[in-house]
Amino acid sequence: MTAFWTEPDFDDHEMVELVRDPRSGLTAIIALHSTHLGPGAGGTRFWHYADPKDAMRDALRLSRGMSYKNAMAGLPMGGGKAVILADKARTKTPELLAAFADAVQALGGRYVTAEDVGISEADMAKVAERTQFVSGLPVKGEHAAGGDPGPFTAMGIYHGIKAAVRHKLGREDLDGVHIAIQGTGSVGGGVARLLAKDGARLTMSDINEERNAALASELDADVASPDAIMSVHCDVFSPNALGAILDDAGIARLDCQIVAGAANNQLARQGHGDKLFERGILYAPDYVINAGGIISVTLEYLCREKGQPCDINEVRKRIAQIPGRLEEIWQESASTGVSPDRVADRMAQNLIGR
Ligand code: NAD
């Protein structure tokens, strides 16, 4: 068996912990990539992995991604991620969540958790019964920040698309700008609504065709099939569904000037950022543009720690800073001839002292 620290995804992670609790059936990995800027913050994924190696890979890659995302969002947090290895039936019991919460608590605040794929707000509320190192909890009060990060991520994507349109197309408004949206779930649906208000022309796609068609009809948008959305002739392609869609074949299909969306790990490999750059397509690095959710979750956590209410306007103000960071990346990319994803990685590594 090869040791995980010889795997390509191991990047001098500060800590990788295997958590086992036979009584509840819990097997989890908690990975802390960097705590240079603060406690490692990042959600918990609950997923059935056919091969446990993939769980380790996820924990390593996603925790590093969180280090970069938090640093670039100017948050006083490092990067961490937890992965719970679910059984085939994805059995999630209160005992299993309690055992996981105890493992988070035992780290004494070095890791702060929240929702990720397979974990709901209600699950996090259960975890919060046994540890204070948790965020993304149900919101109390009209102007209080926190809860489901999806709408905050959507807000950041909307600001980021506007910045990209300004940078690439020299336009201050979105009136008639054609945007193709892949995935109209929690984030993509929110992005579509915000863009429609500004008069953008939308083409939308989702494998949940019924829900997508209903939203398209409400927003007076066109619909494309999941197979066709990436080749729609448009100004902006906004991926809000799956990762790794920007591979050789995916990039060859694009007929747009900008790629800007929420999906994590959009580039199949780093070289694919170079390919977009060579084709003259402006790319908004995913972990920079999609930081709205983690901004909300983190400010909620920091306010709770201080025993203060968290003002939603502060969250909005921070999210409105995402375009400034993107502009900085694009300008450096233009002046150095290095693709925006590489520029962003370098900036993030500098911020975390690597
Ligand atoms: P979601 O599950 O609510 O929405 C995803 C949508 O994509 C679903 O409606 C699904 O049917 C659709 N979809 C799946 N495969 C598709 C395909 N081949 N073609 C078209 N549509 C497809 O998830 P979400 O919370 O909206 O997140 C969307 C993406 O953004 C994910 O990659 C997620 O990791 C990333 N992200 C989300 C947040 C957040 O705050 N929710 C934050 C950062 C990044």
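These values consider heavy atoms only, across backbone and side chains, with no hydrogens, waters or symmetry-generated copies. Because the structure is a prediction, the values reported are computed rather than measured. In listed order, ligands and their atoms are each counted from 1.
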**Message:** With clusters defined by side-chain heavy atoms of hydrophobic residues (ILVMFWY) lying less than 4.5 Å apart, directly or transitively, does Leu276 cluster with Ile179?
**Reply:** no

**Message:** Please report the interatomic distance CG(Asp341) to NE2(His272), rounded to the nearest 0.5 Å.
**Reply:** 11.0 Å

**Message:** Evaluate Ser186 for polar contact with ligand 1, using N/O atom pairs at a separation under 3.5 Å.
**Reply:** yes

**Asked** Can you hop from Phe277 to Val259 via hydrophobic side chains spaced under 4.5 Å?
**Response** no

**Prompt:** Is the Lys NZ or Arg CZ of Arg325 less than 6.0 Å from the centre of Trp330's six-membered ring, within 45° of the axis?
**Reply:** no

**Asked** How close does the nearest protein non-hydrogen atom get to atom 42 (C) of ligand 1, and which residue and atom is it?
**Response** Thr153 OG1, 3.4 Å

**Message:** Closer than 3.5 angstrom, by distance alone: can the side chain of Arg279 be matched with the main-chain N or O of Leu254 as a donor-acceptor pair?
**Reply:** yes

**Prompt:** What is the closest protein heavy atom to atom 14 (C) of ligand 1, and at what distance does it sit?
**Reply:** Ile207 CD1, 3.6 Å

**Request:** Return a yes/no value: protein heavy atom under 4.0 Å from atom 3 (O) of ligand 1?
**Result:** yes

**Message:** Lys69 versus ligand 1: do any nitrogen or oxygen atoms come within less than 3.5 Å of each other?
**Reply:** no

**Item:** For atom 28 (C) of ligand 1, the protein heavy atom that lies nearest, with its residue and separation
**Value:** Asn240 O, 3.2 Å

**Prompt:** Short N/O distance, under 3.5 Å, between Val187 and ligand 1?
**Reply:** yes

**Message:** Polar contacts were defined as any N/O atom of the residue lying under 3.5 Å from an N/O atom of the ligand; does this apply to Thr184 and ligand 1?
**Reply:** no

**Asked** Does ligand 1 have any atom that is closer than 4.0 Å to a heavy atom of Gly243?
**Response** no

**Prompt:** Which residues pass the salt bridge (charged side-chain N to carboxylate O under 4.0 Å, His left out) test with Lys197, sequence neighbours left out?
**Reply:** none

**Fill in**
So the atoms of ligand 1 within less than 4.0 Å of a heavy atom of Pro149 turn out to be 40 (O)

**Prompt:** Just heavy atoms, cut-off under 4.0 Å: does Leu242 contact ligand 1 by side chain, backbone, both, or neither?
**Reply:** side chain

**Message:** Give me the nearest non-hydrogen protein atom to atom 6 (C) of ligand 1 as residue plus atom name, then the distance to 0.1 Å.
**Reply:** Asp206 OD2, 3.6 Å

**Message:** Please compare Asn264, Asp286, Asn265 and report which has the shortest non-hydrogen distance to atom 34 (O) of ligand 1.
**Reply:** Asn264

**Message:** Looking only at distances, can you tell me whether any N or O atom of Asn290, backbone or side chain, sits closer than 3.5 Å to an N or O atom of ligand 1?
**Reply:** no

**Request:** Give a yes or no on this: more than 12 heavy atoms of other residues, nucleotides or ligands lie within 6.0 Å of atom CG of Asp220.
**Result:** no

Donor-acceptor pairs under 3.5 Å, side chain of residues 228-246 to any protein atom, not counting sequence neighbours: which ones?
unit_1	atom_1	unit_2	atom_2	d
Ser231	OG	Ala228	O	3.3
His233	ND1	Asp255	OD1	3.3
His233	ND1	Asp255	OD2	3.1
Asp235	OD2	His178	N	2.8
Ser238	OG	Asn240	ND2	2.9
Ser238	OG	Ala260	O	2.8
Asn240	OD1	Ala262	N	2.9
Asn240	ND2	Ser238	O	3.1

**Asked** Under 3.5 Å between some N or O of ligand 1 and some N or O of Ala241?
**Response** yes

**Complete:** Only one of Leu75, Asp286, Leu62, Asn264 passes side chain to side chain contact (heavy atoms under 4.5 Å, CB included) with Lys69, and that residue is Asn264

**Prompt:** Under 3.5 Å, is there a donor-acceptor pair between the side chain of Asn70 and the main chain of Ala41?
**Reply:** yes

